[in-house]
Amino acid sequence: MGVEVSVEHLTKSFGSSTIWRDVTLTLPKGEVSVLLGPSGTGKSVFLKTLIGLLKPNEGKVIIDGTDITECSSKELYEIRKLFGVLFQDGALFGSMNLFDNTAFPLREHTKKKEDEVRDIVMEKLELVGLNGAESKLPGEISGGMRKRAGLARALVLDPEIILVDEPDSGLDPVRTTYISQLLIDINAQIDATMLIVSHNINIARTIPDNMGMLFRKQLVMMGPREVLLTSEEPVIKQFLTGSRLGPIGMSEEKDDATREKEQAMVDAGHTDGGTELSEGIQPQVQPTPGMPERKAVARRRERVREIMHTLPENAQRAIEESMKDEQELEEKRQEVGDQLDENGSGDENGSDNNNNERRGDERGGDTDRDEAYANSGSGSGYEPSEANTEQFPAYRPGNHPGR
Ligand SMILES: Nc1ncnc2c1ncn2[C@@H]1O[C@H](COP(=O)(O)OP(=O)(O)OP(=O)(O)O)[C@@H](O)[C@H]1O
């Protein structure tokens, strides 16, 4: 089971520039949380601070009872083994094939023999649908495949906490949906605590148990997803509808005059660029039928019931509704899983997704180890190759490596 991550009054500055201040939040064990925020609000910096790659100016990050901002480097080294991190571009070593990239943390952090390493690596590559691609170099595959390879690598140490930086960056909406499903399926299988950093509205609406948002150098809100999805807070409403109307501007915060001018244009009939269709609450993505039930769901139900009275009324109503839907959706999912089992259709497809001809991307390939680390999470690096014809894994009930 995942461990709780507790962040208390965290502040991070670079020189005189404060990125965010006084951030307090909890990532409940085994639950999936999403941290939203416009570009440049410090989401990646937050992830790096959680794992101790950056040191905060103030505050605590308590993981499994240890404050990693104060612990010794030996303790930090041990705590880091609890983490699996998927950086924006996968942060793969360009000169290593996917097998060696995935094996890297095992060779670095464990004393496992090579045949054991091979078993684990192949299991994780299969989990993310990359069996057959283990000898490819990162420069020879598409952005989506690099992400999945990064995910396989993030999973090899059986992490209790998984941090994911913008799973959708560089991916089309369909591949984004697949990788989101993969993350939920992984959560169902290993019950790890997950934090996904994103500015993708669909991910925010359908994936997390909890959601938070960074804006104006602070955590505007953090709580059960329904709290943000029903919020009247202008910045949250604007973000979740992708509208131009609101406090978020093109490069920085808008002044009142600009906001008034934009409102006048919309009142006169000009589009605000957002979409009302994406308002309201959509059902949370369920694990693929045949996968285990997410253990976090029952824990969250109990946890949220305890804090229910502290939440706004419309959030309370939305939570009650979601909880009803949740049970129905789970029953339906079990039914579909049983049907698939009966029909025996589960094991027959999806195994050869990776035998497609893929055309290599000619860039990359020579990134060395240090560059890969320096690159991680920066958003730079590889671009997806449209020429690639990758597919994502089709899950087969009853054929998934658990813990
Ligand atoms: N090592 C660093 N030294 C100085 N400034 C940094 C460093 N890392 C990040 N920053 C600054 O911190 C701010 C937040 O960056 P960060 O990448 O965390 O934003 P983000 O919210 O993840 O953005 P995006 O959504 O565009 O990826 C930026 O202004 C960035 O320039």
Side-chain angles (χ1 to χ4, degrees), residues 5 7 10-25 27 33-59 61 68-69 76 83 85-91 143-144 146-147 150 154 162-171 173 176 179-180 183 194-205 207-208 210-222 228 235-236 238-244 246-254 370-384:
V5 177
V7 170
L10 210 63
T11 295
K12 177 67 194 165
S13 306
F14 291 109
S16 59
S17 165
T18 299
I19 306 301
W20 27 254
R21 65 172 72 87
D22 203 17
V23 173
T24 295
L25 59 83
L27 305 177
S33 303
V34 162
L35 183 63
L36 300 169
S39 293
T41 43
K43 302 182 294 299
S44 301
V45 168
F46 186 75
L47 284 192
K48 289 178 189 171
T49 312
L50 281 193
I51 195 175
L53 284 173
L54 289 171
K55 205 166 165 51
N57 300 70
E58 281 171 45
V61 176
I68 64 151
T69 66
L76 182 59
F83 282 90
V85 186
L86 174 58
F87 290 107
Q88 276 188 33
D89 60 357
R146 277 193 290 275
K147 270 201 197 292
I162 301 178
L163 306 180
V164 184
D165 198 357
E166 301 201 8
D168 58 307
S169 67
L171 295 191
T176 300
I179 203 148
S180 301
L183 292 170
M194 294 171 84
L195 178 64
I196 302 170
V197 151
S198 180
H199 31 49
N200 182 296
I201 301 172
N202 284 338
I203 288 180
R205 287 183 173 282
I207 299 302
N210 311 295
M211 220 193 286
M213 181 162 171
L214 285 171
F215 184 60
R216 287 190 181 143
K217 305 185 194 303
Q218 9 182 348
L219 185 69
V220 186
M221 214 178 257
M222 178 87 198
L228 274 82
V235 67
I236 290 171
Q238 181 187 9
F239 197 84
L240 290 173
T241 53
S243 168
R244 276 186 293 105
I248 307 170
M250 181 62 182
S251 56
E252 46 193 41
E253 291 166 38
K254 279 181 229 171
D370 291 343
E371 276 171 346
Y373 271 131
N375 234 3
S376 54
S378 69
S380 57
Y382 300 107
E383 290 298 317

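In what follows, every heavy atom counts, from backbone to side chain, and hydrogens, waters and symmetry copies are set aside. Both counts, for ligands and for their atoms, begin at 1 and track the order of listing. Numbering starts at 1 and runs along the sequence shown.
Closest heavy-atom approach to atom 16 (P) of ligand 1 within the set Ser17, Ser169, Gly42: this belongs to Gly42.
When only modelled atom types and interatomic distance are considered, Lys147 and Ser169 share a side-chain donor-acceptor pair under 3.5 Å. Using a 3.5 Å distance cut-off with no hydrogens or angles, the side chains of Asn57 and Thr11 do not pair a donor with an acceptor.
Checked by distance only, ligand 1 and Gly37 stay at 3.5 Å or farther apart across all their nitrogen or oxygen atoms. Backbone and side-chain nitrogen or oxygen atoms of Val45 are examined, and one is located within less than 3.5 angstrom of a nitrogen or oxygen of ligand 1.
Here the side chains of Met211 and Ser33 are not in contact, with every heavy-atom distance at 4.5 Å or above.
Residues passing the side chain to side chain contact (heavy atoms under 4.5 Å, CB included) test with Thr49 are Leu10, Trp20, Val45, Leu54, Pro56, sequence neighbours excluded.
Closest of all the heavy-atom pairs between Gln238 and Arg244 is NE2-O, 3.3 Å. Residues Pro38 and Thr41 approach most closely at O-OG1, 2.6 Å, considering heavy atoms. In this structure, Gly242 and Ile201 approach most closely via the heavy-atom pair N-CD1, 3.8 Å.
For the pair Lys48 and Phe46, the cation-pi criterion (under 6.0 Å, within 45° of the ring axis) is not fulfilled.
Residue contact check for ligand 1: Gly40 places a non-hydrogen atom closer than 4.0 Å to it. Ligand 1 has no atom lying under 4.0 Å from any heavy atom of Lys48.
Close approach of ligand 1 to Lys43 is summarised as follows: ligand atoms under 4.0 Å from at least one heavy atom of the residue are 18 (O), 19 (O), 20 (P), 21 (O), 22 (O), 23 (O), 24 (P), 25 (O). Here is the list of ligand 1 atoms found below 4.0 Å of a heavy atom in Ile19: 12 (O), 13 (C). Near His199, meaning under 4.0 Å from one of its heavy atoms, ligand 1 places the atoms 25 (O). Within the listing of ligand 1, atoms 17 (O), 18 (O), 22 (O) sit less than 4.0 angstrom from a heavy atom of Ser44. Close contacts between ligand 1 and Ser39 involve ligand atoms 23 (O), 24 (P), 25 (O), 26 (O) [criterion: under 4.0 Å to a heavy atom]. Set against the non-hydrogen atoms of Glu166, the atoms of ligand 1 under 4.0 Å away are 24 (P), 25 (O), 27 (O).
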